[in-house]
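For reference, the structure discussed in these notes is given below.
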Number of protein chains: 2
Amino acid sequence: MALRHAVLAVLLGGELSGYQLAKVFDTGVSNFWFASPQQLYTELTKLEQAGLVDGRLVIQVNRPNKRVYTVTEDGVAELDRFAAADAKPAVIRDDLLVKVHAVDPSRARAVVARIEERAVQAAAKAELFDETLRNLRGDLDEETFLATAERIGPYLTCLRGKRFEEENLDWCRRSADLIRARWGAEMREE
Amino acid sequence: MALRHAVLAVLLGGELSGYQLAKVFDTGVSNFWFASPQQLYTELTKLEQAGLVDGRLVIQVNRPNKRVYTVTEDGVAELDRFAAADAKPAVIRDDLLVKVHAVDPSRARAVVARIEERAVQAAAKAELFDETLRNLRGDLDEETFLATAERIGPYLTCLRGKRFEEENLDWCRRSADLIRARWGAEMREE
DNA sequence: AGGAACATGTAAATAGTTACATGATTGC
DNA sequence: GCAATCATGTAACTATTTACATGTTCCT
């Protein structure tokens, strides 16, 4: 049950609505915490009931009203406790690697196709992380930013995300090539 | 519900008991599919009921009897269907990155300690993956192995795991250094 | 008129975690 | 005798996914 901490960590960057939070989780945070919009709406309600965030209704013209959330003092205290606790090993579940693990001549064609799809997505995500990094830095170069910024956490996690996707891309290309090299003949025969 | 496919993919490598399967998931497969022993025992029972694996009791002397499982024809067919389907985006949930995302001067000391713990684990895992790669290769060099082996899938996923942990280690070191550089003074004051 | 982005939920079903339970053998 | 490894489960609880539900505004 650390979704709550992931939400609190993101809200540290400023008040957000459930919808905005879902977008952040879909991009900047997706490399270390996956959560669906439904989960986030539910979690925000629970966090507000627990007093860890404050909700505030924002009346909007030209679009539906929204409820934005801020971390409370209790929420910050909860993050303090969380930071002090041992980090659990990361949980990863990746369909694509399961497919690759099971690859054989008869499945090679399908698996290579899946790998190539993932390669495209990885390249796009790496670019997205890079864009986020540029936005976080603003006019500063990386060194200056990291030495002076109020919050360097989001930048550090984003660096990890960018590298992860770059490595994904590299692995996808190499693996697809190797599978074709190993079973190219059988793949063509089918 | 792709735990079943992860189990089938691993059992492709030869018959295993629940206990042995749990060990494989704890090491070689942990970089792309996390599952607890309890989950695996439950899943094997379900897979056998569904006819995707065959269980066989092995009587042992000097240690408790065990039940080992093999993939059936239906199980292979299920893997074929799975390989052909779109790969879902990977689900990742990593406590440590949440802690780093939320790092600030007051939490810096605790977060750096967690990062350093993870660095040690990452180094150990990278070494473990490397060992597994050597075992898979046997006497062959990597190129020859990948060009000739019956099953290259486990080798490819293991390569990804090794690189992932190496990158983790690198990121951990760099991030700990950067947090210390940014807030070293405040960290000493506490 | 239809699709995309904005905005938020509930309910049912599935999956996953944690605690509890048991028992043998080997090596120190 | 005690810890570690081998070996397998059940049950209660929590978390997550998926399907269903609704309604606005902007743009084409």
Side-chain angles (χ1 to χ4, degrees), chain A residues 1-8 15-27 29-30 32-50 53 55-69 85-95 98, chain B residues 1-8 15-27 29-30 32-50 53 55-69 85-95 98:
Chain A
M1 188 193 47
L3 169 59
R4 59 164 37 186
H5 300 119
V7 171
L8 289 170
E15 60 176 17
L16 292 174
S17 66
Y19 189 81
Q20 292 173 305
L21 192 62
K23 280 200 298 186
V24 173
F25 269 79
D26 196 42
T27 56
V29 170
S30 61
F32 65 91
W33 205 275
F34 175 86
S36 65
Q38 290 73 16
Q39 255 182 296
L40 295 172
Y41 281 117
T42 308
E43 194 63 34
L44 283 170
T45 305
K46 282 196 235 164
L47 282 169
E48 191 171 18
Q49 278 162 10
V53 302
R56 177 172 78 82
L57 185 69
V58 175
I59 310 289
Q60 298 187 112
V61 286
N62 292 347
R63 64 190 58 177
N65 297 335
K66 63 184 176 183
R67 194 166 179 79
V68 297
Y69 299 87
D86 275 0
K88 285 182 252 175
V91 170
I92 305 181
R93 294 195 169 103
D94 190 349
D95 259 16
V98 175
Chain B
M1 192 189 46
L3 169 58
R4 57 163 40 185
H5 301 118
V7 171
L8 290 170
E15 62 176 14
L16 292 174
S17 67
Y19 189 81
Q20 293 173 305
L21 192 61
K23 281 201 296 187
V24 174
F25 269 79
D26 196 41
T27 57
V29 169
S30 61
F32 67 89
W33 204 276
F34 174 86
S36 64
Q38 290 73 17
Q39 256 182 294
L40 296 171
Y41 282 116
T42 308
E43 193 63 33
L44 284 170
T45 307
K46 281 196 235 166
L47 282 169
E48 190 171 20
Q49 277 163 11
V53 302
R56 176 172 80 82
L57 186 68
V58 175
I59 311 289
Q60 299 189 113
V61 286
N62 292 345
R63 61 190 57 179
N65 297 336
K66 63 183 177 184
R67 193 167 179 78
V68 296
Y69 299 87
D86 276 358
K88 286 183 252 174
V91 168
I92 305 180
R93 295 195 168 105
D94 189 348
D95 260 16
V98 175

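Numbered from 1 within each chain, the chains take letters A, B, ... in sequence-line order.
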A:Thr45-A:Glu48 side chain donor-acceptor pair, cut-off 3.5 Å: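 Side chains of A:Thr45 and A:Glu48: no pair found under 3.5 Å.
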Name the nucleic acid region contacted by A:Ser17, choosing base, sugar-phosphate or nothing; use a 4.0 angstrom heavy-atom cut-off, strictly under.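 The residue A:Ser17 makes sugar-phosphate contact but no base contact.
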Apply side chain to side chain donor-acceptor pair (under 3.5 Å) to B:Gln20 and B:Ser17, showing your working. CA-CA 5 Å; B:Gln20 293 173 305; B:Ser17 67; 3.3 Å; yes
Between [N] ([atom2]) and [X] ([atom1]): distance, integer Å:
X: A:Arg93; N: C:dG16; atom1: CZ; atom2: C1'; result: 7 Å
X: A:Phe25; N: C:dA7; atom1: CZ; atom2: P; result: 18 Å
X: A:Arg63; N: C:dT8; atom1: CZ; atom2: C1'; result: 16 Å
X: B:Lys66; N: C:dT25; atom1: NZ; atom2: P; result: 16 Å
X: B:Ile59; N: D:dA7; atom1: CD1; atom2: C1'; result: 13 Å
X: A:Gln38; N: C:dA7; atom1: CD; atom2: P; result: 16 Å
X: B:Asn65; N: C:dA24; atom1: CG; atom2: P; result: 12 Å
X: A:Leu21; N: C:dT8; atom1: CG; atom2: C1'; result: 13 Å

Could you check whether any side-chain heavy atom of B:Tyr69 comes within less than 4.5 Å of a side-chain heavy atom of B:Leu44, counting everything from C-beta outward?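 Yes, their side chains come closer than 4.5 Å.
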Please tell me if [X] has a side-chain N or O lying less than 4.0 Å from either OP1 or OP2 of [N].
X: B:Gln60; N: D:dA7; result: yes
X: B:Asn62; N: C:dT26; result: yes
X: A:Lys88; N: C:dT17; result: no
X: A:Tyr41; N: C:dT8; result: yes
X: A:Tyr19; N: C:dC6; result: yes

Between CG on residue A:Leu3 and CD on residue A:Glu43, distance to nearest 0.5 Å: 4.0 Å
First locate atom CH2 of A:Trp33, then atom CD of A:Gln39, and finally report the distance between them rounded to the nearest 0.5 Å. 9.5 Å
Which of these nucleotides, [options], is closest to any side-chain atom of [X]?
X: B:Phe34; options: C:dA24, C:dT17, D:dT17; answer: C:dT17
X: B:Gln39; options: C:dA24, D:dT17, C:dG16; answer: C:dG16
X: B:Lys46; options: C:dA15, D:dT16, D:dC6; answer: C:dA15

Could you tell me, to 10°, how much the axis swings from one end of the helix from C:dA1-D:dT28 to C:dC28-D:dG1 to the other, five pairs per end?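 It works out to 30° between the end axes.
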Shortest non-hydrogen contact between B:Arg4 and B:Ala50, atoms and distance: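 Nearest heavy atoms, B:Arg4 then B:Ala50: NH2-CB, 4.4 Å.
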Closest heavy-atom pair and its distance - B:Lys88, A:Asp95: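 The pair with the smallest heavy-atom distance is N-OD2, 3.4 Å.
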Which residue, B:Thr42 or A:Ala35, contacts DNA chain D at a nucleotide closer to its 5' end, judged by nearest heavy atom?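 Between the two, 5'-proximity favours B:Thr42.
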Main-chain N/O of B:Phe32 paired to A:Asp94 side chain as donor or acceptor, under 3.5 Å: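 No.
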